[in-house]
Protein chains: 2
Amino acid sequence: MVTIYDIAQHANVSAMTVSKVINNTGRISEQTRKRVKKVMEELNYIPNSNARSLVLQQTKILSLLITDITNPFYTSLARGAEDTAKRLGYRLLFGNSDEDYLKEQDYVDMVLSTRVDGVLFAPAGDQSLKNLEKLMAHKIPFVILDRAVPGIESDIVAGDSKEGARKLVDYLIELGHSRIALVNGSLEVSTARLRYQGYAESLKLQGIELDHELIIQKSYRDYKDGEYLNQLLSNPSPPTAIFAANNFLAVGVIRALRERGIRVPEDMSVVCFDDLDLSSALDPFLTVASQPAYLFGAMGMQLLVERIQGNSTPDIRKIILPSDLIIRSSAQALTSEYV
Amino acid sequence: MVTIYDIAQHANVSAMTVSKVINNTGRISEQTRKRVKKVMEELNYIPNSNARSLVLQQTKILSLLITDITNPFYTSLARGAEDTAKRLGYRLLFGNSDEDYLKEQDYVDMVLSTRVDGVLFAPAGDQSLKNLEKLMAHKIPFVILDRAVPGIESDIVAGDSKEGARKLVDYLIELGHSRIALVNGSLEVSTARLRYQGYAESLKLQGIELDHELIIQKSYRDYKDGEYLNQLLSNPSPPTAIFAANNFLAVGVIRALRERGIRVPEDMSVVCFDDLDLSSALDPFLTVASQPAYLFGAMGMQLLVERIQGNSTPDIRKIILPSDLIIRSSAQALTSEYV
DNA sequence: TTAAATAGGGTTACCGATAACCCTATTAAC
DNA sequence: GTTAATAGGGTTATCGGTAACCCTATTTAA
């Protein structure tokens, strides 16, 4: 590999002069500058950012950790983060925790040893606390995305899960439903808790009693097994609508319903959090509370870089992005079947 | 940040001894080893991989470049690559070219300055040649994914685009269609060329004349504008089926058809390359030639690491993964409307 | 005319880790 | 009892780049 010393030799200057040309610092005559640049091109010089990082104590690498790279919500978020990072002159190291604390921990160690300048962190859940504390202990700036973690005070970009849930459940109630099931993620995840709260509040405000028999808890990821539906359906007074706490769970619910010969929305209404992008483009079917995923990434990155460059207030900033009720056809009025 | 010198001081040994403990090299007594390890834990030591990379001349970072992070094909591929990289002890730097040669070039420069050990490269198209040559000039090992680039001889993992296209078109012909349109990606992309060839061959073998009026060329990404459909539909003898060269194009085609009040499959059959994962799970609708995306990433990564570690033959390896015809309901027999 | 300022560029030490080699007590061998 | 091995650990140079400081010739100001 070509180094500044090679350039220096060919251009008949010192290595320091080459460094100055590269960084546009110091005093260099136009003549030498041109000569050096020419040699750099001829030799195809590419700076070694490891060496540079070592002395500058900054890598210009940021890192983005998401919990599921196959979920369209996170890929849109990733695109927002990447676009913004690039615009601001940073490289981006991706990581995928698969909702697994151990993978997350591995990833944190890796990130620390890479000495990244900052981390955009979508936590797997409350137990991510330990991993985030590790980042803090090493003074790595980070911004949390999507899921708050109790015990951590930091910049955060999240959605309004409670409000979104309320919108969805309100909508179902408006349609005449009162037996509404909730298929939720783990309560170790803040968004699942908030969506539960939104669900509960909405019911309460409408005078509908909360029935714990109608609440299922799963993981946001394992949507394939629809076993739990049997429990819901064998209820003496089964639900007429299901609120799935995220897109994957909704897909699981709908598949499982269809396998049992239950039609959506004719026999069962289904709504969920997070849109399905391509799916919805292909077939506008699912009624959802859609979150501006791209913005999550873009704004998070913006906050992170501001924090790193020190041109943000020391105050912690919490950005809550609204979600949007998109009414399509997976839920219908309960009375319509009698029409 | 804690360094080996801090550890050395606290443990009352030299920095070299610490290094030896970390790497399990040299001769160190069990006693000192334990003492050093204890200090490392107490001080929360994390090795600086930049410093290590500098002297070892290897970073243990690999890089994955894809052309569209929102396309489920590439995210599955990415997951395969990441899982495998992790298993083999490498970190992964992601990049997203958005099918743009310039972004791709930026990314190559970044990758070079990071001194990654190797690159998994899904080229934007034939003009990626220049970017790949740059990697070669700097002796960075790489494996090409998905799209061959004329002029580059390297390890590659790709799908059997011609065969997949043939299967799809054969199937349409079997269903009685003979006016079959092709909505293709840019011919600067090898997969688009091969899918065209498969299409053409299939028609020829069945004695159907190829009609250039039925062939549309777009980019794999810009599926939103359905303008071209007007051209197809105003044909004196319009198509009864459309073969879209990838999933995004198919979504665009179907949306545009529906906007025009044309039903799929009743009025128009549609098939395409690449599955839609979640979409298909939700609603098994699109008939597709599905590629094992995860395997693309996993095998590519495997090849790359073997190449880097030098335990592969010097011969170039080309792995062609088959695609699978999945018959669902977006295409139907032409005659059925007369039934 | 002379001192001070400036332009243009070089020296040196250091970032954190490792390779290659060296040194000194023990221990083993004869 | 002496020599050769070996265990256990230290020294030094180096990876590629940059900060801080230094040096010298020319220019500028008085």
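Letters A, B, ... are given to chains in the order of the sequence lines, protein chains preceding strands, and every chain is numbered from 1.
- The side-chain heavy atoms of B:Q302 and B:R87, taken from C-beta on, include a pair separated by under 4.5 Å.
- Looking at A:T114, its side chain does come within 3.5 Å of a backbone N or O of A:M110 through a donor-acceptor pair.
- Using a distance-only test at 3.5 Å, with no hydrogens or angles considered, a donor-acceptor pair links the side chain of B:D117 to the main chain of B:T59.
- Atom-to-atom, OH of A:Y5 to C1' of D:dT18 comes out at 9 Å; the value is rounded to the nearest Å.
- Under the ring pair (Phe, Tyr, Trp, His ring centres under 6.0 Å) criterion, B:F94 pairs with A:F94, not counting sequence neighbours.
- For B:Q57, a side-chain nitrogen or oxygen approaches OP1 or OP2 of D:dG16 to under 4.0 Å.
- Contact check of residues 7-38 of chain B against DNA chain C (heavy atom, cut-off under 4.0 Å) returns B:M16, B:S19, B:N23.
- Of the charged side-chain nitrogens involved, at least one lies within less than 4.0 Å of a carboxylate oxygen, so that B:R79 and A:D98 count as a salt-bridged pair.
- Of all nucleotides in DNA chain C, those with any atom nearer than 4.0 Å to a heavy atom of chain A start and finish, going 5' to 3', at C:dA7 to C:dG16.
- Residues B:D315 and B:D155 share a closest heavy-atom pair of O-OD1, 4.0 Å.
- Listed by residue number, the members of residues 43-53 of chain A with any heavy atom below 4.0 angstrom from DNA chain D are A:Y45, A:P47, A:N48, A:A51, A:R52.
- When rounded to the nearest whole Å, the span between CG of A:L56 and C1' of D:dA19 equals 9 Å.
- In this structure, the ring of A:Y74 has its center no less than 6.0 angstrom from the ring center of A:F296.
- Axis angle, first five pairs versus last five pairs of the helix from C:dT1-D:dA30 to C:dC30-D:dG1: 40°, rounded to 10°.
- Inspection of the B:E104 and B:S128 side chains reveals an N or O donor paired with an N or O acceptor under 3.5 Å.
- In this structure, B:T25 has no side chain to side chain donor-acceptor pair (under 3.5 Å) partners at least two apart in sequence or on a different chain.
- A salt bridge between B:R147 and B:D126 is absent, with no side-chain N of the basic residue lying under 4.0 Å from a carboxylate O of the acidic one.
- A:L54 has its CG atom 12 Å from the C1' atom of D:dT14, to the nearest Å.
- Using modelled atom types, one side-chain atom of B:Y107 and one backbone atom of B:G95 make a donor-acceptor pair closer than 3.5 Å.
- Under 4.0 Å is where a charged nitrogen must lie from a carboxylate oxygen, and between B:K37 and B:E30 no such pair does.
- Side-chain atoms of A:S49 and A:R91 form a donor-acceptor pair, as typed in the model, at a separation below 3.5 Å.
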